[in-house]
Amino acid sequence: MLIMNGRYEDAGHEESGHPERPDRITAAMAGVDDLHLGDDLKVVPAYAATRAELARVHEGTYLDELGAFCYAGGGDLDEDTYATYDSWTIAQYAAGGGLAVINELKRLGDGVGFVATRPPGHHALRDRAMGFCLLNNISIAAASLIEQGERVLIVDWDVHHGNGTQAIFWDKPDVMYVSTHQSPLFPGSGAAFEIGGMSALGKTINIPLPPGATGDVVRRAIDEVATPSIVEFDPTWVLVSAGFDSHRDDPMADLSLTGGDFAALARTVAGFAPGPGRIAMFLEGGYDLAALRHSVASTLGAVLASAYEAESPSSGGPGTEMVQNAQAERLVALRIAQEAASKGDYST
Amino acid sequence: MRTLSTIAVGFDGSPNAKAAVRWAFNLAAPIDAKVVVVHALGMLGRFEGHDAATEIEESVRQLSDDCGLDAARVHFHVANGDACSVLIRMADDPISADLLVVGSRGQGKHPGLLLGSTSLELAEHATIPLVIVPSL
């Protein structure tokens, strides 16, 4: 069964010519429709996340400033990120959409969650919007889960590194953050030697990939670099920053993934969940509408064992050596950090 | 006391950023310091596909002549990221800047609010001295 949020009025968060636009949700929902789930689709209404729910992740002063900025008419928060009069309300619903899906999965103890909300979230920091993101939706959901005693794995396959999510949980031992992303690319973070703070050494796993990397390389990165640590972490929940701008047709970057690659990744990541009702996928990037629609259908179809036919998986692109280097670099960073920690001079 | 040998100045093409670059060039010329003109390449920069390095060079070349700064002392650096993060990294290798210079407000439009202000965020997070140049 697929549990997803109902669409809320998000049309007010739009800037002419900007790729992060309401049509993205329309495309994602069309991808869900393509699965013809019938009674296997349950839609739960999104709600505006409360201040207490947002404040688990974001600083109160930032929330105040963001609300005031929007109600003053909005504008450009930086060269990439805009807000309108309606954006504050819409962002609260985006965060609440994730919480609503998580709550329903917990209530049912069954199903796969899909959070189709915008604006996306994984670049948003505790105190700053960036990279099209205002509130960090997946982190707000993860923070809710860890407050309930869960151990949360976040897998981020967006083409951009989720710097906001990494920073928020940098020193939190109850969250493991795993990212595959193109490098070099915005936001410039996500090196393999970024491994987490002193209280969470090794619980940040970054696997940068070169332009042109194909699905086989991404799968190898997950299998060889991340999986052993994930198994040891033994998550009780799995959340996915499902960015589809790593699709080969997306205009934002240069990875070469296909719908079939997302399907394979989704099956692998779903295998990390301890049982049904413990995995939710959050829409992040994805700016080519046809690729987004197909990728959403491929991803969800794979974990729901649907008959949807995805594109063939891709292979043969560059990046194998970069994955090997990432593994080596990560192990060196871990050893140095552990030695420093044992001497009491490791700084977070 | 740290020697002032490398100045990193943020540049986003705005009039305030040009004022900051001019100020940095005027500071650097008599002490023969190196100036690194830094442009942060955001998500949209990649999407729009423009050649940021060429554009910023064209924009500031004339300014170095006006300020009497040897063009060989001017370097250009385009880095992926938001302006605040990119400028903070200028203190580290390989740039190792001794001073950051930014305009009082770049592309943001709301002078009364902290949000959107790279200069105010840098004032909070910078690890090396920071000069915020007001526009005149």
Side-chain angles (χ1 to χ4, degrees), chain A residues 15 17-20 59 61-83 88 120 123-125 127-134 158-161 163-164 167 181-190 208 211 245 250-254 285 287-288, chain B residues 8 10-14 16-17 38-50 52-53 55-56 59 77-95 102-103 105-127:
Chain A
E15 185 175 84
H18 199 289
E20 205 298 284
E59 290 183 4
T61 49
Y62 170 65
L63 297 172
D64 293 341
E65 283 273 356
L66 181 60
F69 184 85
C70 293
Y71 290 140
D76 291 334
L77 289 159
D78 60 26
E79 60 269 31
D80 296 318
T81 314
Y82 67 90
W88 170 238
H123 295 305
L125 296 157
D127 61 351
R128 187 143 52 97
M130 65 179 282
F132 308 171
C133 303
L134 302 181
D158 189 278
V159 78
H160 304 97
H161 178 242
N163 61 300
H181 48 270
Q182 182 180 322
S183 179
L185 191 67
F186 180 94
S189 53
D245 42 9
D250 198 276
M252 297 295 283
D254 307 296
Y287 304 94
D288 180 279
Chain B
F11 185 70
D12 65 1
S14 67
N16 285 3
V38 181
H39 179 73
L41 192 60
M43 287 174 72
L44 286 178
R46 172 63 179 74
F47 177 69
E48 291 160 353
H50 57 73
E55 288 177 13
I56 65 169
S59 296
H77 184 75
V78 178
N80 289 289
D82 66 299
C84 185
S85 304
V86 164
L87 286 165
I88 285 172
R89 291 203 296 268
M90 292 303 102
D92 303 328
D93 286 341
I95 304 297
V102 293
R105 181 161 285 270
Q107 305 283 19
K109 298 172 183 170
H110 296 266
L113 292 170
L114 172 63
L115 286 179
S117 169
T118 299
S119 54
L120 289 176
E121 288 176 7
L122 280 171
E124 187 176 350
H125 299 294
T127 56

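Any value given below was found using the heavy atoms of this structure, including those in side chains, with hydrogens, waters and symmetry copies removed. Here the structure is a predicted model, which means the values were calculated and not measured. Quick note on labels: first sequence line is chain A, next is B, and so on, each numbered from 1.
Atom OG of Ser85(B) is separated from atom CG of Leu125(A) by 7.0 Å, given to the nearest 0.5 angstrom. Between the CG atom of Asp127(A) and the NE2 atom of His125(B) there is a distance of 5.0 Å, given to the nearest 0.5 Å. Taking CG from Leu44(B) and CD from Glu20(A), the interatomic distance works out to 10.5 Å, rounded to the nearest 0.5 Å.
Residue Arg89(B) comes nearest to Pro187(A) through the heavy atom pair NH1-O, 3.9 Å, listed as atom of the first residue, atom of the second, then distance. Residues Gly81(B) and Glu79(A) share a closest heavy-atom pair of O-OE2, 4.0 Å. Nearest heavy atom pair, residue Met43(B) against residue Met252(A), reads O-CE, 3.7 Å.
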| Pair Met130(A)-Cys84(B), side chain to side chain contact (heavy atoms under 4.5 Å, CB included): steps then yes or no | CA-CA 10 Å; Met130(A) 65 179 282; Cys84(B) 185; over 6 Å; no

| His123(A)/Asp82(B) under side chain to side chain contact (heavy atoms under 4.5 Å, CB included): CA gap, chis, key distance, verdict | CA-CA 10 Å; His123(A) 295 305; Asp82(B) 66 299; over 6 Å; no

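Residue contact with chain B, scored on non-hydrogen atoms closer than 4.5 Å, involves the backbone and the side chain of Asp254(A) alike. In this structure, no portion of His161(A) lies under 4.5 Å from any heavy atom of chain B.
Among the candidates Pro19(A), Gly285(A), Pro184(A), Gly131(A), the residue making the largest number of heavy-atom pairs closer than 4.5 Å to chain B is Pro19(A). Contacts with chain B were tallied for Thr61(A), Asp250(A), Asp80(A), Thr81(A); Asp80(A) has the most, counting heavy-atom pairs under 4.5 Å.
The side-chain heavy atoms of Gln182(A) and Asn80(B), taken from C-beta on, include no pair separated by under 4.5 Å.
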